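Data block below; observations after.
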Amino acid sequence: MINYKEIERKWQAEWDKSKIFEGDIGPKEPYMVTAAYPYVNAPQHIGHMRTYGTADVLARYKRMQGFNVLYPMGFHGTGTPILAFAKRLQGKDEELIRELRIFHIPHDEMEKMTDPLYIANYFANEIENGMHKAGYSIDWRRKLFSIDPYYSKFIEWQFGILNEKGFLTQGRHPVGWCPVENNAVGMHDTLHDVEPEIEEETAVAFEVDGKGEFMLCTTFRPETLPGVTNLFVKAEATYALCNIDGRSGSYYIAKEAIEPLAHQLKISVAKEVPGEELLGNVCINPLTGAKMPVLPGFFVKEAVGTGLVMSVPAHAPFDYAALERLRLSGNAVAAGIKPIKVIEIEPGKQAGRAKMKESDVPAAAYLALLDASAGSSDNAIEEATKLEYKDESHWGRMIAKGYEGMSEPDARDKIKDELTKSGKGFSLFVLVNSPVYCRSGHKIVVKIVENQWFLNYGDKEWKKSVADLFPSVKVLPDKSRRVFESAIEWIDLRAVARAQGLGTRFPVDRNYIIESLSDSTIYMSLYTIMPMVRNLPPEKLTPQFFDYALLGKGDADDISKSLGIDYDILRKARESFEYWYKSTSRHSSPDLIFNHLTMYLYNHVAIFPKEYWPKQIVVNGTVLSEGEKMSKSLGNIVPLSDGIEKYGADPLRFVVIAAVDLFNDSNYSPDAVSGVGERLEYLYNSAANVGNLGSGSLKHIDYWLYSKLNRKIDTVTKSMDILELRVASTDMLYNSILELKRYFARGGDNSVVVKEYLSAVTLMLSPITPHISEEIWHLLGGQTFASIEKWPMPDESMVSDKVERQEDIVDSVIADSRQVLEIVSKKGGKHPKEIRLIVADDWKRMASNLLAETKSVGKAMDSVKSDKAKALGESATKVEIGAVADYMNALAKKMAGLKESGITQADELSLLEEAKYYIGSMVGLKVTIEKESESKSPRAKRSMPEKPCINAE
RNA sequence: GCAGGGGUGGCAGAGCUUGGCCAAAUGCGACGGGCUUAGGACCCGCUUCCUUUAGUGGAUGCAAGAGUUCAAAUCUCUUCCCCUGCACCA
């Protein structure tokens, strides 16, 4: 049993000592690999290995390919999560404490984690340790941290440029808001991490006849306004007549609804009215001028929207149901209301689900579709509503006067527009999944933030530059290219400033802090100059400094004097950037395509000259744990250190990084990991045993192993180039073991061949399983580091289809023999004493080749008839034409699969002769071999090329 | 709703871009056998059905249905189902 931990520790120490992973400017071609830096609110778990490990595999592979590789790493700590973390821990949040226990965070450390900076540093260390143990070939000298002062200087410089170029804009923006704590709330700030879902709806004002007062309704479907027949209120609720800042007239709004709306509208209450009193009102449809009554609606909720609902019984099942119920209870007004149909599903088109007659009310038809009716439960009516809404917005066409033929979304925009213009309606934002609570337990509302700062990714020219750049960016896997294309097209305004969190003050308005994805778009460039930056005091890191180091602007001499920075340091920084940033590969997970990675492209285009724009982006799948998504709440997270401790970094790396292709999710399971561990051990043991093997001239099986090896080198190299690691890794590990086992079973015993084979396989495995590869490499006599050895080159001349085909023949002979023996024993005949293999004569091979070439029995027979000796060879002259025709006709059935083959009878004879003891041992009987023409067996004629006739005798 | 990705044998997961060599790799599991005091380790075999006095044969088959073709898991169309993302959040 190998001790992975010991081997890993040993080689990690050796690598550190020799500094082979420290990247410095040199004569070789540079290659820089960066992965999205980890956020420091927890140690790493094995899921993180996917991105960082894949980046490491690429870094190691490129190094072996002769590049000067730099793989730097940093830490991310800006934004709100660490603050929230500290706050939660102060409040002794049990959920968080449970999570921390998974990671074995000691109790006394938890007590210290009320200080955000302490948390950040603690986890930064933890993560660094984990990455070190995982064997990532990182140059730690370049470590950066997004909450350090130099980083802020860097970000200020970046935003200065963005501002100068006019990419910053201001505007209104709705956000989830905690009214008690007065701050914006995103998913991470809510109880149970619920995303506050904000949607836009339309407020519509219905004038109360002759009073100058308005009933204010809210709706998601203003296009149904022509179909409104009445309004609904909740009779038991209290309503208020209010004034709204900036609007004339006064408005009825449910009392309960005022508070949530107050963050979007300035509302003052004039008087309160019981809902019942509103029932007598007659209102005017602002669009059509129609007069309509106000009725009590059973489903109206006073805290939703404005607490008033416009009723469209033709298209809203709830409205329909409410009217029906009123009618049944004897309400004469309700009984007099006729639904007004304003939308029709286009006939002939992929119709809506509900089948209806001309006369039907759609809302009723949708209820009927679900076997529901006006009296059904709210849930059932809700279902019908969703279904109808979906169908109508997809396939519906307006039939209302003035909007005939418009699609529903178009009509919606048009009517909304008309309402806005006439002052009878306006947009409101609602929290559709209300109630949502913030972590301290308060109900969240929607607030319109005025003067929010945005980065304008919608800028046309900017967008075009990015779109133009993108085709030249290599994307791995290529299938995610399309996702990027739509992301580049789609990305628009993005809020960049927040009221709170760790990070850099927004230079344009220092009351705000730069949002943490926006401060992480070009930081990879900072790695290139980190060694210089670290040694400079932050106040010297002015825009002038970064302009020079990263953009080459200005004169080093002048800047050196004005900033008091050593000239050589400036030059070195500039050179370092120029050298490393030419050739970069960026690694991340697919969920970052729509934000980070796209912003990465945009910001590079905005700031750097063309030659330093992104060259390659690698997107990798996630890691499942035993087929399930890993999540803290499921408690199935495996901390990286636990995984490494238990199985060793190498087997873990193999399973998590390499066992599947890039984009697919990999599946962590203890069985798989230990299985890999055992297989690596087989390679190790084989290497240890090389010295005990013999030597001598090469045999068939040696050539076979060489062929397999060189083919392997070729395919592995090709798939490593595009990081499709599944094929590469199974070929390297699983197949290598199968091949070695076969080699030995077939009598292979050549130490030179095996050593060559193992050396190449070991080197190719090195990027994935670096530690054990290093160990095996040295076991095989290597004196250098496998990690920086030259990647193997395939020797094409050693690849032989023929040699490999011959081994396949051996296999099929064994399989067929077994089958024959089984049938013989089933039939209860006498026990055979030997297997006699009768090898087909050469004329059959030539006939087969002829057929493979002509694909026609007729044509093939023609050439046989015209000159049998030429077509089938001299020795075939004795063969009768009829026999040839029979043979060809039999073959014709498999014409499509027929291939020409260079294997002659002599080849086959010598192959079987050599393999007969092996075959014999596999079958359990003695094996003898004879030629078809010399066989006395009546069955001999059944022999075919590469399929000898098998006689059990 | 919009956008993207899928549906393959007990499970996981290849293959489908370039249709035939695919009853469909590989791993796991199940089963049978060997090794062994015993086995979780290792080795061999087997894992749709039928047929065959002997193997290199046939049928069915890769979500469902239809089509193109000498030939389809692979191409086209339709239907059904599943997953992911949709923003100010790292």
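Just so we're on the same page: letters track the sequence lines, and every chain starts at 1. The structure displayed is predicted, hence computed values, not measured ones.
With sequence neighbours excluded, no residue forms a side chain to side chain donor-acceptor pair (under 3.5 Å) with A:His263. A:Leu912 meets the side-chain contact (heavy atoms from CB on, under 4.5 Å) test with A:Val813, A:Leu837, A:Val839, A:Glu908, A:Ile919, A:Ile929, A:Pro948; sequence neighbours excluded. Legend: residues meeting side-chain contact (heavy atoms from CB on, under 4.5 Å) with A:Ile722, ordered by chain and number and at least two apart, are A:Leu476, A:Glu724. Taking A:Ser588 as the reference, nothing meets the side chain to side chain donor-acceptor pair (under 3.5 Å) condition, with sequence neighbours excluded. The side chain to side chain donor-acceptor pair (under 3.5 Å) search around A:Ser729 returns none, not counting sequence neighbours. Scored by the side-chain contact (heavy atoms from CB on, under 4.5 Å) test, A:Ile491 finds A:Tyr457, A:Lys463, A:Thr598, A:Met599, A:Tyr602 as partners (sequence neighbours excluded). Applying the ring pair (Phe, Tyr, Trp, His ring centres under 6.0 Å) criterion to A:His48, with sequence neighbours excluded, gives A:His45. The side chain to side chain donor-acceptor pair (under 3.5 Å) check on A:His76 picks up A:Thr78, A:Ser520, with sequence neighbours excluded. By the side-chain contact (heavy atoms from CB on, under 4.5 Å) test, A:Glu678 pairs with no residue at all, sequence neighbours left out.
Listed nucleotides B:C28, B:A90, B:A87 differ in distance to A:Trp490; the shortest reach to its side chain belongs to B:A87. When each of B:G55, B:C86, B:A90 is scored by its nearest atom to the side-chain atoms of A:Tyr39, the top-ranked nucleotide is B:A90. With B:A87, B:G4, B:C88 as the candidates, the nucleotide lying closest to the side chain of A:Val483 is B:G4. For A:Thr80, the listed nucleotide lying nearest its side chain is B:C89; candidates were B:G55, B:C88, B:C89. Which of B:U56, B:A90, B:C28 sits closest to the side chain of A:Lys947 comes down to B:U56. Side-chain proximity of A:Ser486 to B:G55, B:C89, B:A3: nearest is B:A3. Candidate nucleotides B:G4, B:C28, B:A90 were compared by shortest atom distance to the side chain of A:Leu592, and B:A90 ranks first. Distance from the side chain of A:Asp492 is smallest for B:A87 among the nucleotides B:A87, B:C89, B:U56.
A:Arg939 contributes a side-chain N or O that forms a donor-acceptor pair with the base of B:G55 under 3.5 Å.
Going from atom CG of A:Leu455 over to atom P of B:A87 covers 18 Å, rounded to whole Å. Distance, A:Phe594 CZ to B:G85 P: 11 Å, rounded to whole Å. For the pair A:Asp519 CG and B:C89 P, the interatomic distance rounds to 14 Å; values are reported in whole Å. Between the P atom of B:C88 and the CD atom of A:Gln452 lies a distance of 11 Å, rounded to the nearest Å. Rounded to an integer number of Å, the gap from CG of A:Leu925 to C1' of B:A54 is 14 Å. Between A:Ile444 atom CD1 and B:C89 atom P there is a gap of 10 Å when expressed in whole angstrom units. Rounded to whole Å, atom C1' of B:A3 lies 15 Å from atom CD1 of A:Ile488. Separating the CG atom of A:Leu738 from the P atom of B:U26 is a distance of 8 Å, rounded to the nearest angstrom.
Nucleic acid contact for A:Asn735: none, since no nucleic acid atom lies under 4.0 Å from a heavy atom of the residue. Among the protein residues, A:His76 comes within range of the sugar-phosphate backbone only, with heavy atoms under 4.0 Å from sugar or phosphate atoms but none that close to a base. Using a 4.0 Å heavy-atom distance criterion, A:Val820 is classed as a base contact. Counting any heavy atom pair closer than 4.0 Å across all strands shown, A:Pro948 reaches a base atom. Within the 4.0 angstrom heavy-atom criterion, no nucleotide atom of any strand lies near A:Arg481. In this structure, A:Arg482 reaches the sugar-phosphate backbone alone: every heavy-atom distance under 4.0 Å involves primed, P, OP1 or OP2 atoms, never a base. At the heavy-atom level, A:Ile593 lies nowhere under 4.0 Å from the strands shown.
The gap from the P atom of B:A63 to that of B:C46 amounts to 27 Å, rounded to the nearest Å. A gap of 43 Å separates the P atoms of B:C35 and B:U60, to the nearest Å. Taking the C1' atom of each, B:G55 and B:A72 are spaced 29 Å apart, rounded to whole Å. Only the C1' atoms considered, B:A30 is 32 Å distant from B:C80, to the nearest whole Å. Taking the C1' atom of each, B:A90 and B:G6 are spaced 28 Å apart, rounded to whole Å. Rounded to a whole angstrom, the distance from the C1' atom of B:G13 to that of B:A66 is 29 Å. Straight-line distance between the C1' atoms of B:A64 and B:C82: roughly 15 Å, to the nearest whole Å. For the C1' atom pair drawn from B:U47 and B:A25, the interatomic distance equals 16 Å after rounding to whole Å.
The two residues A:His596 and A:Leu517 make their nearest non-hydrogen contact at CB-CD2, 4.2 Å. Annotation for A:Ile838 and A:Ala940: closest pair CG2-CB, 3.9 Å, computed over non-hydrogen atoms.
No donor-acceptor pair under 3.5 Å is formed between the side chain of A:Ser518 and the backbone N or O of A:Ile514. Remark: the backbone N or O of A:Ala36 is not paired with any side-chain donor or acceptor of A:His587 at under 3.5 angstrom. Judged by distance alone, with hydrogens and angles left aside, the side-chain atoms of A:Arg836 form no donor-acceptor pair with the main-chain N or O of A:Ser937 at under 3.5 Å.
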Hey, what are the protein-to-nucleotides 42-51 of chain B N/O distances that come in under 3.5 Å?
residue: B:C43; atom: OP1; partner: A:Lys741; partner atom: NZ; Å: 2.3

Restricting both atoms to N or O, compile the protein contacts to nucleotides 9-16 of chain B shorter than 3.5 Å, with distance only.
residue: B:A14; atom: OP1; partner: A:Asn664; partner atom: ND2; Å: 2.6
residue: B:A14; atom: O3'; partner: A:Arg726; partner atom: NH2; Å: 3.4
residue: B:A14; atom: O2'; partner: A:Arg726; partner atom: NH2; Å: 3.4

Strand RNA chain B in bracket notation, Watson-Crick/G-U under 3.5 Å with | for pairs to another chain: ((((((((.[[[..)....(.....]]](.((((.......)))).)(((......)))...[[[[[..)....]]]]])))))))....
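Taking side-chain N and O atoms only, A:Ser516 has a distance below 4.0 Å to OP1 or OP2 of B:A90. The phosphate of B:C88 (OP1 or OP2) has no side-chain N or O of A:Arg494 nearer than 4.0 angstrom.
Heavy-atom distances to RNA chain B give each of A:Asn595 and A:Cys949 a nearest nucleotide, and the one nearer the 5′ end belongs to A:Cys949.
Between A:Glu201 and A:Phe429, every side-chain heavy-atom pair lies at or beyond the 4.5 Å cut-off.
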